[in-house]
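What follows is a set of notes on a single structure, which appears directly below.
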Amino acid sequence: MMENLSINETPPQPGPHQHAGPTPQGSSRGAPPSQPQQLPPQMFTTAAQLLDLTDKKLLVCLRDGRKLTGVLRSWDQFANLVLQSTVERVYATTSDPSESPPKGLYADQSHGIFLVRGENVLLLGEIDLDKDDEAPPGFEQAEFGHVEKLAKEQRAAEQAKAKTKLKKLATLGFEGEALGEIIL
């Protein structure tokens, strides 16, 4: 007998007439057979956790920095995701990074059905549908091409700054990540 449990539900506890373990021979021949114990929901640390998120609207942040929203329709054991009604949102700040809250521009581009390889997912979470249509605080909507161009320029500036920092650290004897010499 299979039970339909969600990840958030706890498995049923044996009642007074059911035993948690196997019944010893010779005791209560008319008792129903015991059910195998089920794992608690906290034990699911794999792609099975996506079960509760199926058919819900999600925000998915990818390793390359892209942010996608869409309805999770399917997934597999590798956490590959199929998103429906997918929208990519791009942000570009126009204020000083130290300013709080930041000000900037954002734009959305519709992609329809989107397949995301599981290893590229950095973060995912369910979207509060009551706040879904609100603009991010401090950001105004603009044309996608313009915002994407600003975002690329900002990423290029950050990469140049990081490269300069690595060069300075190298002169002091520090190695950057994955920049060490290969010793054979």
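Heads up: numbering here begins at 1 and tracks the sequence.
- Nearest approach of Y106 to P136, heavy atoms of both residues: CE2-CD, 3.6 Å.
- With rounding to the nearest 0.5 angstrom, the OG1 atom of T171 is 7.5 Å from the CG atom of L169.
- The backbone N or O of G70 lies less than 3.5 Å from no partner atom in the side chain of S85, so there is not a single donor-acceptor pair.
- Under the side-chain contact (heavy atoms from CB on, under 4.5 Å) criterion, K152 pairs with E148, R155, not counting sequence neighbours.
- Atom CG of L72 is separated from atom OG1 of T86 by 10.0 Å, given to the nearest 0.5 angstrom.
- Across L62 and V116, no two heavy atoms sit closer than the pair CD2-CG1, 3.6 Å.
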Practice item. Evaluate the side chain to side chain contact (heavy atoms under 4.5 Å, CB included) criterion for residues L58 and T69: first the C-alpha distance (whole Å), next the side-chain angles of each, then the deciding distance (0.1 Å), finally the verdict. Key: CA-CA 5 Å; L58 303 180; T69 59; over 6 Å; no
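- Every residue two or more places apart in sequence or in another chain that forms a side-chain contact (heavy atoms from CB on, under 4.5 Å) with A142 is listed here: L105, V147.
- In the hydrophobic clustering of ILVMFWY residues, with side-chain heavy atoms under 4.5 Å counting as a link, L51 and V60 come out together.
- Listed by first and then second residue, the salt bridge (Lys or Arg N to Asp or Glu O under 4.0 Å) pairs that reach into residues 117-130 are R117-E119, sequence neighbours excluded.
- Other cluster members for L129: none, since no ILVMFWY side-chain heavy atom sits under 4.5 Å from it.
- Linking ILVMFWY side-chain heavy atoms closer than 4.5 Å, directly or via other members, places V71 and I127 in two distinct hydrophobic clusters.
- Other residues, nucleotides and ligands place more than 12 heavy atoms under 6.0 Å from the CD atom of E153.
- Residue pairs meeting the salt bridge (Lys or Arg N to Asp or Glu O under 4.0 Å) criterion with at least one partner in residues 53-70, sequence neighbours excluded, are D55-R73, K57-D132, D64-R66.
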For residues 87-94, please give each side-chain donor-acceptor pair under 3.5 Å, one per line with the distance, not counting sequence neighbours.
from: E88; atom 1: OE1; to: H111; atom 2: NE2; distance (Å): 2.9
from: R89; atom 1: NE; to: D108; atom 2: OD1; distance (Å): 2.7
from: R89; atom 1: NH2; to: D108; atom 2: OD2; distance (Å): 3.0
from: T94; atom 1: OG1; to: K103; atom 2: O; distance (Å): 3.4

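- Taking CG of L83 as the reference point, atom CG of L115 lies at 8.5 Å (rounded to 0.5 Å).
- Contacts of T54 classified as side chain to side chain donor-acceptor pair (under 3.5 Å), with partners at least two apart in sequence or in another chain: W75.
- Separation of atoms NZ (K165) and NZ (K161) is listed at 8.0 Å; rounding is to 0.5 Å.
- Within the 4.5 Å cutoff, the side chain of S95 has heavy atoms near those of the P102 side chain.
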Exercise for review: Would you check, one step at a time, whether the test side chain to side chain contact (heavy atoms under 4.5 Å, CB included) holds for L59 with L124?
Suggested key: CA-CA 6 Å; L59 168 67; L124 70 94; over 6 Å; no
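- In terms of the salt bridge (charged side-chain N to carboxylate O under 4.0 Å, His left out) criterion, E143 has no residue partners (sequence neighbours excluded).
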